[in-house]
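Notes follow once the structure below has been shown.
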Amino acid sequence: MGLLEDFSSGLFIIQSVIFLIVLFVLYKFAWKPIMEAVNEREITIVDSLNQAKLARQQVENLKAENDIIIREAKVERDQILKEAREIKDRIVGEAKDAAKAEGDKMVEAARQTIQAEKAAAVADIKNQIGALSINIAESILKKNLDNDSAQNDLVEKILNTSNLN
């Protein structure tokens, strides 16, 4: 067994030396690039996480700004609607006042027209009554004054009345 043991220990030493050489070669040529790649990847991951945090904060800030803008827009909308209602009410009120004033003018003009037409009708009726009265008086006088004695009596009566006044 001695030979096998010597061979095994020689093999072990050769394998150990080969392992150390491979380890040295890896350390010399591959270890630094691998470590640099790992470090770069770690830096990239950390930067990505920081970017994600920053993006999340920006999104939250944008949401807060949007909420503020929406609140301000609602307030402005309410103000505009209030002003529009006030303008509408004022215009409707002015239109009602103008319509009432125009209606009052029309009623007053109609009243004046009625008064003028009434006065004209009364004057016309008076003229017609006067003409009718003259016609009636003329007819009565003609009838009463058909004879000469009635005419003489009337003239004397008028003269006596005129002298007395």
Side-chain angles (χ1 to χ4, degrees), residues 1-140:
M1 276 223 190
L3 185 60
L4 191 53
E5 248 180 50
D6 284 341
F7 180 72
S8 286
S9 51
L11 187 60
F12 176 73
I13 292 175
I14 291 174
Q15 285 179 345
S16 295
V17 169
I18 291 174
F19 178 74
L20 288 176
I21 291 172
V22 169
L23 197 60
F24 176 75
V25 168
L26 283 176
Y27 176 77
K28 188 75 174 162
F29 296 107
W31 188 258
K32 283 185 181 180
I34 290 172
M35 289 307 291
E36 287 176 4
V38 169
N39 286 337
E40 285 179 19
R41 180 71 179 144
E42 184 181 352
I43 290 171
T44 304
I45 290 171
V46 169
D47 284 346
S48 296
L49 290 174
N50 288 337
Q51 293 279 338
K53 283 182 184 178
L54 184 62
R56 196 174 302 123
Q57 287 175 350
Q58 288 176 346
V59 166
E60 288 174 7
N61 291 341
L62 287 174
K63 283 182 182 178
E65 288 176 13
N66 285 344
D67 290 342
I68 291 170
I69 290 171
I70 288 171
R71 272 188 253 121
E72 289 173 354
K74 285 180 181 178
V75 168
E76 188 174 340
R77 179 202 63 198
D78 292 343
Q79 182 65 29
I80 290 171
L81 288 175
K82 179 183 173 189
E83 289 174 6
R85 276 189 226 107
E86 290 172 356
I87 290 170
K88 178 198 71 149
D89 292 342
R90 188 184 76 228
I91 290 172
V92 168
E94 288 173 359
K96 284 181 182 178
D97 292 344
K100 186 178 184 306
E102 188 64 29
D104 291 346
K105 283 181 187 177
M106 291 174 71
V107 168
E108 185 58 32
R111 222 180 254 135
Q112 289 176 357
T113 303
I114 290 170
Q115 288 293 345
E117 288 178 6
K118 182 180 172 184
V122 169
D124 187 42
I125 290 173
K126 284 182 182 179
N127 289 337
Q128 288 178 5
I129 290 174
L132 188 58
S133 297
I134 289 173
N135 287 338
I136 292 172
E138 186 180 331
S139 296
I140 291 173

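Predicted, not measured: the structure shown is a model, and the values here were computed from it.
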Query raised in the report: Between R111 and E108, is the closest basic N to carboxylate O distance under 4.0 Å?
Result: yes
Requested in this report: Decide, yes or no, whether a salt bridge links K100 with D104 under the criterion of side-chain N to carboxylate O below 4.0 Å.
Outcome: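 Judged by the 4.0 Å cut-off on N to carboxylate O distance, K100 and D104 do form a salt bridge.
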Which distance, rounded to the nearest 0.5 Å, do you find between the [atom1] of [X] and the [atom2] of [Y]?
X	Y	atom1	atom2	value
I45	E40	CD1	CD	12.0 Å
E72	E65	CD	CD	10.5 Å
I69	E76	CD1	CD	11.5 Å
Q115	K118	CD	NZ	5.5 Å
T44	L49	OG1	CG	11.0 Å
D124	I129	CG	CD1	10.0 Å

Requested in this report: Only counting residues at least two apart or in another chain, list the ones meeting salt bridge (Lys or Arg N to Asp or Glu O under 4.0 Å) with R41.
Outcome: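 Residues passing salt bridge (Lys or Arg N to Asp or Glu O under 4.0 Å) with R41: none at all.
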**Report entry** Chi angles and distances behind the side-chain contact (heavy atoms from CB on, under 4.5 Å) call for K74, R71
**Finding:** CA-CA 5 Å; K74 285 180 181 178; R71 272 188 253 121; 5.7 Å; no
Report task. Test L81 against R77 for side-chain contact (heavy atoms from CB on, under 4.5 Å), laying out the working first. Result -> CA-CA 6 Å; L81 288 175; R77 179 202 63 198; 4.1 Å; yes
Query raised in the report: If you measure only the distance, is there a donor-acceptor pair under 3.5 Å linking the side chains of Q57 and N61?
Result: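 Note: Q57 and N61 side chains miss the donor-acceptor criterion.
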Distance-only donor-acceptor hits, side chain of residues 11-29, under 3.5 Å, sequence neighbours excluded:
residue	atom	partner	partner atom	Å
S16	OG	F12	O	2.8

Anything under 3.5 Å between a donor and an acceptor, one on a side chain of residues 82-96, the other on a protein residue two or more places apart or in another chain? List them.
residue	atom	partner	partner atom	Å
E83	OE2	Q79	NE2	3.2

